[in-house]
Amino acid sequence: MMLEIKDLTVKYGGITAVDGISLHVDRGEIVALVGANGAGKSTTLLAVSSLVKIASGQICFEEEDVTKLPADAIVRRGLVQVPEGRQIFTKLTVAENLLMGSYVLSDHARAQKNQAFVMELFPILKERAKQSAGTLSGGEQQMLAIGRALMSSPKMLLLDEPSLGLSPILTQQVFDVLKGLKQADVTVLLIEQNAYDALEISDRAYIMETGQITLEGRCEDLLHDERIISAYLGGDL
Amino acid sequence: MNITYFLTILVSGLKLGSIYAIVAIGYSIVYGILRLINFAHGDIMTIGVYLILVFMNTMGLPLFVCVLLSVALSVGVGLLIERLAYRPLRDATEETTLISSLAVSALLQNVLQIIFSAQRKPFLLPKSISTPMQVGMFKLSVINIATYVVTAVFLVLLYALLKKTKIGAAMRACSENMRAARLMGVNVNRVVMFAFFIGSAMAVVAGLLLAGEYKTVYPSLGFVPGLKAFCAAVVGGIGSLGGAVTGAFVIGVAEILFQGLMPTTMTAYRDAFVFLLMVAVLLLRPNGLFGKNEGGRS
């Protein structure tokens with residue numbers, strides 16, 4: 001098992017954002033975490049990346065308890081997040097953003113190799129390498145955010161709404177990249193509001209509502225589940 | 001007023017501005033990353049000067065060695081302050097850390113007073129470097145000239161550090177979005193320590209230049225120059241290094257011009273004039289000369 005979350009609870013002040021959820025992702029899988037705004041999906045990912053304090057529960061990565069590890073130690077183990085809203089460094093150049101992505105690598109040659117790989121995956125980043133990242137379009141910024149996360153040769157990516165604000169064509173491009181990652185043996189946990197797209201490209205999915213997981217299953221089953229269709233897929237398909 | 005007099009004042013103002021610039025950069029890099037106004041920064045200058053004095057008087061070591069030892073120890077103090085007074089407040093509001101830094105400043109001044117007394121002590125640099133020589137139309141000592149050179153070298157090195165190195169890029173990344181930097185695996189505490197390391201080291205050098213100028217040291221030596229350097233950083237647009245340097249030169253030159261051109265009855269108010277200047281700049285440009293309105297930050 002790649003990632004296992006057991007009975008995770010996160011509270012902001014008095015409000016319980018994540019209420020005792022459990023989920024797991026197997027090696028090589030793409031798993032989607034689907035749900036409405038405010039369901040606690042982003043908080044779950046932030047807890048995994050050690051950016052919010054957790055109230056109780058346990059997070060294991062490759063059978064190791066990483067619950068109490070600081071954020072940089074999680075990245076070093078190969079679990080990297082592409083945060084919501086991309087959060088690229090707009091004042092740094094594209095190349096410098098990628099450099100930050102490989103920050104935990106001490107092996108310079110490997111960082112170079114990863115940069116070549118990322119630039120091959122997203123040729124636009126090579127073209128714009130010297131430009132400041134703030135000048136990129138929204139789609140290009142998303143490519144950069146994913147490329148940056150790939151710079152440390154992660155074993156697993158956590159993606160928080162990678163399609164947010166993108167046109168359908170760009171969304172398709174991003175999802176194609178995610179499918180490609182599967183070939184590259186990168187495991188993915190994906191948050192999406194766009195449930196249909198998420199279920200299309202994922203192997204399994206968890207449905208999250210007000211801090212709890214209400215449904216889970218294989219995507220081909222969920223796509224035909226009446227409850228999912230009425231609640232998330234806009235009625236009949 | 002003749003032109004020579006004016007130029008002499010200008011050269012003197014640029015010298016003071018250089019010292020402020022070195023200190024202002026320390027304020028600015030720490031503020032840029034932590035949004036913390038480290039009022040204890042000026043007191044690191046004072047500590048540095050006292051340590052140089054101790055090494056010179058008790059061990060009779062060459063000035064260069066004294067400065068190096070002092071830098072090493074003062075950097076240690078700077079890092080200790082960060083660890084004890086600021087890191088536990090990493091998630092606190094800016095007001096809280098501001099008050100913590102004022103408390104540290106008061107504490108350091110009082111400790112220095114207990115150890116060295118409140119009396120001014122002479123701080124005399126070797127005659128060979130402190131005696132003015134005729135350089136063109138100006139009278140300058142070696143230490144005066146060193147002030148310009150050291151500032152220029154620091155600025156170039158810092159620019160290269162920020163633009164050309166991985167830790168420099170990490171500092172800029174943390175300054176823009178600390179959360180994203182964490183998600184990339186940047187150890188933010190280490191970046192913060194590095195900023196304090198650079199700031200403290202530069203503060204000691206600034207303290208040396210300043211005390212060499214005043215020929216004296218006392219427990220609050222660095223406090224007011226520290227405040228002025230902070231004004232410089234604010235005037236330039238806090239967080240912007242180019243702004244801090246420009247602000248420092250504006251304030252240094254304005255201060256000396258005020259002193260040189262005003263009647264002697266007025267010159268006692270030179271500090272007040274500097275702060276008034278800051279208020280005036282902020283009324284016209286609330287974000288400073290080069291500051292951008294960043295709005296909130298995530």
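In what follows, every chain begins at residue 1, and chains take the letters A, B, ... in the order their sequences are listed.
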Q.
Would you say that more than 12 heavy atoms from the other residues, nucleotides or ligands in this model lie under 6.0 Å from the CZ of B:R83, or not?
A. no
Q. Between B:E176 (side chain) and A:K91 (backbone), is there a donor-acceptor pair under 3.5 Å?
A. yes
Q.
Can you confirm whether B:Y159 is buried at OH, in the sense that more than 12 heavy atoms of other residues, nucleotides or ligands lie under 6.0 Å from that atom?
A. no
Q) If you draw a 6.0 Å radius around CG in B:L283, do more than 12 non-hydrogen atoms from other residues or ligands fall strictly inside? A) yes
Q. How close do B:A180 and A:Q87 get, heavy atom to heavy atom, and via which atoms?
A. CB-O, 3.4 Å
Show me, pair by pair, the donor-acceptor contacts under 3.5 angstrom made by side chains of residues 229-251 of chain B, not counting sequence neighbours?
from: B:S240; atom 1: OG; to: B:G243; atom 2: N; distance (Å): 2.9
from: B:T246; atom 1: OG1; to: B:G242; atom 2: O; distance (Å): 2.7

With a 3.5 Å cut-off and sequence neighbours excluded, list the donor-acceptor pairs that the side chains of residues 64-74 of chain A form with protein atoms.
from: A:E64; atom 1: OE1; to: A:R77; atom 2: NE; distance (Å): 2.8
from: A:E64; atom 1: OE2; to: A:R77; atom 2: NE; distance (Å): 3.1
from: A:E64; atom 1: OE2; to: A:R77; atom 2: NH2; distance (Å): 3.3
from: A:D65; atom 1: OD1; to: A:T67; atom 2: N; distance (Å): 2.9
from: A:D65; atom 1: OD1; to: A:T67; atom 2: OG1; distance (Å): 2.4
from: A:D65; atom 1: OD2; to: A:Q58; atom 2: NE2; distance (Å): 3.0
from: A:T67; atom 1: OG1; to: A:I59; atom 2: N; distance (Å): 3.0
from: A:T67; atom 1: OG1; to: A:I59; atom 2: O; distance (Å): 3.4

Q. Under 6.0 Å from the NZ atom of A:K126, do we count more than 12 heavy atoms belonging to anything else shown?
A. no
Q) Tell me the salt bridge (charged side-chain N to carboxylate O under 4.0 Å, His left out) pairs involving residues 152-175 of chain B, sequence neighbours left out? A) A:E96-B:R172
Q | Contacts of residues 182-206 of chain B with chain A (heavy atom under 4.5 Å) | A | B:R182, B:L183, B:M184, B:G185, B:V186, B:N187, B:V191
Q | Atom group of A:L105 that falls short of 4.5 Å from chain B, counting heavy atoms | A | backbone
Q. Picking from A:I88, A:L51, A:L46, A:V80, which has the most non-hydrogen pairs under 4.5 angstrom with chain B?
A. A:L51
Q.
I need the A:F89 CZ to B:S175 OG distance, nearest 0.5 Å.
A. 10.5 Å
Q) Quick one: of A:V104, A:L158, A:T93, A:T90, who has the most non-hydrogen atom pairs under 4.5 Å with chain B? A) A:T90
